[in-house]
Amino acid sequence: MKPENEKYNKVLNLLRVSEPTLDSTKEIEREVIKRITKINHFGLIFSEVIDFLFGWVYIGWVRRSLITASIVLILVFVYQQGIILKRIDVLSRQTVVIDKENTSSPTDEIEKLLMVYKNSGRRFPSKTITISESQMKELLESVNELQIKYKDLENLIEEDPELKKLIEKKLIEYNHTKINL
């Protein structure tokens, strides 16, 4: 045999014969028990659960993409609420007509005419109205007739520039002579 093999065999025999000396057996014992209990412990530690659930917070692109998604959802919600409010506003301006089955009495017609009068923008105190049906019809006919005549008069003034200048001049004079309160 070679001298290197002999040295190797001597060292090997020496190691086989000698026993290891343990300086801190209690520390080794504690470490072994700790590892055994950790293997048998099936429950998760609270901090591990938190890390598992909120670990995405430490990833920048995930955090930014979730913030962007939440902003988009908020904007969609605001847009949707705006549309709903516009539709409610349109609905509140509409007149509701409840039609009864082809039965109408004179009082129903008066009520309808009063509603037309109220919706035209005129105001009058409630519960003090003493108008007959014929008076109401006459009033509505005269209002319609006045509106037609007024539109005809406006068209006539717009078509004739001299008449328009004359009316404007008269209005200016009237405004100067009128007492301003």
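Atoms considered below: every heavy atom in the structure, side chains included; atoms not considered: hydrogens, waters and symmetry mates.
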* With rounding to the nearest 0.5 Å, note down the distance linking CZ in Arg64 to CD1 in Ile59. => 11.0 Å
* To do: Let me see the working for Glu145 and Lys149 under salt bridge (charged side-chain N to carboxylate O under 4.0 Å, His left out), right down to the final yes or no.
  => CA-CA 6 Å; Glu145 187 178 315; Lys149 286 182 179 178; 3.3 Å; yes
* Say you draw a straight line from CG of Leu163 to CD of Glu168; how long is it, rounded to the nearest 0.5 Å? -> 10.0 Å
* To do: For the pair Glu6 and Lys10, find out whether any cationic side-chain nitrogen is under 4.0 Å from an anionic carboxylate oxygen.
  => no
* To do: Check step by step if side chain to side chain contact (heavy atoms under 4.5 Å, CB included) holds for Val90 and Lys86.
  => CA-CA 6 Å; Val90 167; Lys86 283 181 185 177; 5.6 Å; no
* Asked: Any donor and acceptor pair, going by atom type alone, linking the side chain of Asp89 with main-chain N or O of Leu85 inside 3.5 Å?
  -> no
* Asked: Roughly how far apart are Tyr58 OH and Asp51 CG, rounded to 0.5 Å?
  -> 6.5 Å
* Asked: Are there more than 12 heavy atoms of other residues, nucleotides or ligands under 6.0 Å from atom CD of Glu162?
  -> no
* Asked: Just wondering, more than 12 heavy atoms not from Glu27 lying within 6.0 Å of its CD?
  -> no
* What's the spacing between Ile157 CD1 and Ile167 CD1 if we round to 0.5 Å? -> 3.5 Å
* Less than 4.5 Å apart, any side-chain heavy atom of Leu75 and any of Tyr79? -> no
* Taking side chain as C-beta onward, heavy atoms only, is Lys164 less than 4.5 Å from Asp160? -> no
